[in-house]
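Step one of this worksheet: look at the structure below.
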Amino acid sequence: MNLSIKLFNSLNLQLKTKRFLNIGISMACSRYEYVKDYERDDSILPNVWIVIRVDGKGFHKFSKVHDFEKPNDEKALNLMNNAAQTVMEEFRDIILSYGQSDEYSFVFRKETNVFNRRSSKLLSYVTSLFTSSYVMNWPNWMGDMKLQYPPCFDGRVVLYPSDQNLRDYLSWRQADVHINNLYNTAFWNLVLKAGLTNQQAEAELRGTFSADKNELLFSRFGINYNDLPAMFRKGTILLRKKVVVNKDNAKRQLIVPIHEDLIREKFWKTHSELLGKYKPGEYDNDERPNGDKLPELISRQIANIKLDDKES
Ligand SMILES: Nc1nc2c(ncn2[C@@H]2O[C@H](COP(=O)(O)OP(=O)(O)OP(=O)(O)O)[C@@H](O)[C@H]2O)c(=O)[nH]1
Ligand SMILES: [Mg+2]
Ligand SMILES: [Mg+2]
């Protein structure tokens, strides 16, 4: 009897202590909880195009340290494409990605509700996934070249209210690659083939127009600029496309790299699913209208799948 009273008293005391502690903790919690109000709601307004652009930090140095080919390193560019593909696989609401040099832009469909459109969530997920995929896939593309230090990418969210704004944004990025690539191609030919110093090459190109650089490339190095790989001249556009896989004629939706001119109207007509008509889920089951031309340049490494060369 005595024993059970003792046991009861001890249990009672334990319960009281626990309750006291719980009250103490919850009081402390409520005392601190106000700090949650410092977290601001950063959800993005509805009905605008959300673009996230990532850009390598200090890639001028990074490309030197890792001995990137000049002016374009195909492997490094494909590593970027690979990282972007990973991001697109994770975020089904990205309808188009555009990459050049050390940057990639991701376009989310206007109606996306991913993470309740919370800006910092979206930005940090995209940027960190891109970076981790870049690092993880490094050995698959860069051969014996070891990663010397951890690369990092900055990221920003930009909102575009109209389709025209979005097209102008992408045109701006593609015009950028054209200007830079033409200059860099001329510059590095002068340095690597004609033996000029960096300063001499810079002086020679100062004040020149596109036509002058085209002419210089052709007359001095026999290079027709337009014959250079489209990836270097146009950057890479990743789209979700239905393609015919293998010999069994199975049609699958894949993320496909293309290197078309997106400044022209033709691009938006050919890929008319991108603007306006796109509805979630709808395109997944649709056949492509009019048997549009499948882009020829499907990277087998990126798609990691054997592709038939038939159009979808
Ligand atoms: N050799 C070589 N260099 C490249 C290639 N792609 C990118 N780069 C380098 O990466 C740089 C990217 O330019 P920016 O993003 O403007 O410059 P950044 O050095 O990364 O500086 P921040 O972005 O401001 O941190 C280029 O200027 C090149 O030096 C490539 O394929 N080959
Ligand atoms: Mg950069
Ligand atoms: Mg850049």
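Note that the numbering runs from 1 along the sequence shown for the chain. First listed ligand is number 1; within each ligand, the first listed atom is number 1. As the structure is a prediction and not an experimental result, all values here were calculated from the model.
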inquiry  = Does this structure show an ion pair linking Glu273 with Arg109, if we count only N-O contacts that are shorter than 4.0 Å?
reply    = no

task = Below 4.0 angstrom from a heavy atom of Lys57, which ligand 1 atoms are there? Numbered from 1 as shown, please.
result = 25 (O)

ask   = Can you list the atoms of ligand 1 that are under 4.0 Å from a heavy atom of Asp55?
value = 15 (O), 23 (O)

query = Do any of the N, O or S atoms of Asp102 sit under 2.8 Å from the Mg ion (ligand 2)?
reply = yes

inquiry  = I'd like to check which ligand 1 atoms, numbered from 1 as shown, lie under 4.0 Å from a non-hydrogen atom of Asn72.
reply    = 31 (O)

query = atom 7 (C) of ligand 1: which protein heavy atom is closest, and how many Å away?
reply = Ser101 OG, 3.2 Å

inquiry  = Tell me the protein heavy atom at minimum distance from atom 2 (C) of ligand 1, and give that distance in Å.
reply    = Glu69 O, 3.5 Å

request  = Could you walk me through whether Arg156 and Asp154 pass the salt bridge (charged side-chain N to carboxylate O under 4.0 Å, His left out) test, one step at a time?
outcome  = CA-CA 7 Å; Arg156 70 196 69 192; Asp154 72 23; 3.7 Å; yes

ask   = N/O/S of Phe59 less than 2.8 Å from the Mg ion (ligand 2)?
value = no

message = Could you tell me if Asn47 and Glu111 have a donor-acceptor pair between their side chains, going purely by distance under 3.5 Å?
response = no

request  = Measure the distances from the heavy atoms of Ala76 to every atom of ligand 1 and state whether one is below 4.0 angstrom.
outcome  = no

inquiry  = I'd like to know: is the Mg ion (ligand 2) within the 2.8 Å range of an N/O/S atom from Asp154, strictly under that distance?
reply    = no

ask   = Can you name the one residue among Asp163, Thr112, Asn165 that meets side-chain hydrogen bond (donor to acceptor under 3.5 Å, both in side chains) with Trp49?
value = Asp163

ask   = Given that the side chain starts at C-beta and the backbone is N, CA, C, O, which of these parts of Pro71 lies under 4.0 Å from ligand 1, counting heavy atoms, or is it both or neither?
value = backbone

ask   = So, for atom 24 (O) of ligand 1, does the protein have a heavy atom nearer than 4.0 Å?
value = no

task = For the residue pair Asp42 and Ser120, confirm or rule out a side-chain donor-acceptor distance under 3.5 Å.
result = yes

query = Centroid-to-centroid, Phe153 to Tyr134, below 6.0 Å?
reply = yes

request  = Could you give me the CA-CA distance, side-chain angles and deciding distance for Arg167 and Glu265, then say whether salt bridge (charged side-chain N to carboxylate O under 4.0 Å, His left out) is met?
outcome  = CA-CA 10 Å; Arg167 284 181 55 174; Glu265 186 68 26; 3.1 Å; yes

request  = Can you spot which of Ile94, Val51, Ile52, Asp93 makes a side chain to side chain contact (heavy atoms under 4.5 Å, CB included) with Val107?
outcome  = Val51

Phe106 and Tyr104 aromatic ring geometry - parallel, tilted or perpendicular at 30°/60° bounds = parallel

ask   = Between the side chains of Asn78 and Asn81, is a donor N or O closer than 3.5 angstrom to an acceptor N or O?
value = yes

request  = Around atom 27 (O) of ligand 1, find the nearest protein heavy atom and jot down its residue, atom name and distance.
outcome  = His60 ND1, 4.3 Å

task = Among all protein heavy atoms, pick the one closest to atom 31 (O) of ligand 1 and tell me residue, atom and distance.
result = Asp73 N, 2.8 Å

inquiry  = Students should be able to answer this: which protein heavy-atom is nearest to atom 20 (O) of ligand 1, and at what distance?
reply    = Phe59 N, 2.7 Å

ask   = Can you list the steps and then say if Phe91 with Phe115 is a side chain to side chain contact (heavy atoms under 4.5 Å, CB included)?
value = CA-CA 11 Å; Phe91 294 93; Phe115 300 120; 3.6 Å; yes

task = Can you pull out the closest protein heavy atom to atom 17 (O) of ligand 1? Residue, atom name and distance to 0.1 Å, please.
result = Asp102 OD2, 4.5 Å

query = Which residue owns the protein heavy atom closest to atom 21 (O) of ligand 1, what's the atom, and how far is it?
reply = Gly58 N, 3.7 Å

query = Which N, O or S atom name in Asp55 marks its closest approach to the Mg ion (ligand 3)?
reply = OD2

